[in-house]
Amino acid sequence: MSNPKVAILMGSASDVPVMQKAADVLKEFGVEADFKICSAHRSPNYLHKLMEEYSSVKVFIAGAGMAAHLAGVVCSLTVRPVIGVPLSGSALNGMDALLATVQMPPGMPVATVAIDGAKNAGFLALEMLAMSDEELSKKLQTYRKAQEEDIISKNK
Ligand code: RP5
């Protein structure tokens, strides 16, 4: 991968099926993304190394379950925006990951989406990129219009 605009990180291979939804959205809109398994707890040195390499990345998406510290640690290593995806699958069904991801200290924001909300993490990353990309902004507007037309058509 040459110059990814988004890095999608997740704590475990078991997180891939959910986090893949973020990658799918970015691909659909033609945005280059890197997709890596990297745990804040199990592979901290690797996470630091990756973060040093991501010079082209404009937005980070980080998903983890249980004591979900990945997004927070990513946030601690960059001033670029970080979107956190709390993942279910634990005994607490993702409430643990939600609180661990969303309850960041002041000055250290993680924009947290719903439990297993990887698809919206992808869309939020697109919206951030679209602030300085008119073509992408138009694609998102077209998508929104199609969504509305789809709902209206269901009533016909
Ligand atoms: C977290 O622990 C991971 O993000 C994953 O959601 C959870 C369980 O990991 P595995 O035991 O499946 O590797 O760090």
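Both counts, for ligands and for their atoms, begin at 1 and track the order of listing. Everything numeric in this text was worked out from a predicted model, so none of it was measured.
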Decide whether Q141 and S137 meet the rule of one side-chain donor and one side-chain acceptor closer than 3.5 Å.
yes
Donor-acceptor pair, side chain of R80 and main chain of V57, under 3.5 angstrom:
yes
Compare every heavy atom of L47 with every heavy atom of A40, then report the nearest pair and how far apart it is.
CA-CD2, 4.1 Å
Per-residue contact class, M10 against ligand 1 - non-hydrogen pairs under 4.0 Å:
neither
side-chain contact (heavy atoms from CB on, under 4.5 Å) assessment of V85 paired with M19:
CA-CA 8 Å; V85 186; M19 295 307 291; 4.0 Å; yes
If we ignore hydrogens and angles and just use 3.5 Å, is the side chain of N120 paired with the main-chain N or O of V113 as donor and acceptor?
no
Just to confirm my output: which protein heavy-atom neighbour is closest to atom 14 (O) of ligand 1, and how far is it?
G65 O, 4.1 Å
Nearest protein heavy atom to atom 7 (C) of ligand 1, by residue and atom, and its distance?
M66 SD, 3.9 Å
For atom 13 (O) of ligand 1, what's the nearest protein heavy-atom neighbour? Residue, atom name and distance, please.
S12 OG, 2.6 Å
Students should be able to answer this: which protein heavy-atom is nearest to atom 5 (C) of ligand 1, and at what distance?
D15 OD1, 3.3 Å
Among all the protein's non-hydrogen atoms, which is closest to atom 11 (O) of ligand 1, and how far away is it?
R42 NH2, 3.3 Å
With heavy-atom distances below 4.0 Å as the criterion, list the atoms of ligand 1 near S14.
9 (O), 10 (P), 12 (O)
Point-to-point distance, once rounded to the nearest 0.5 Å, from CG of L140 to CD of E127:
6.0 Å
Donor-acceptor pair between S90 and D96 side chains, under 3.5 angstrom
yes
Within 4.0 Å of some non-hydrogen atom of A64, the atoms of ligand 1 are 4 (O)
Give yes or no for whether the N/O distance cutoff of 3.5 Å, strictly under, is met between H41 and ligand 1.
no
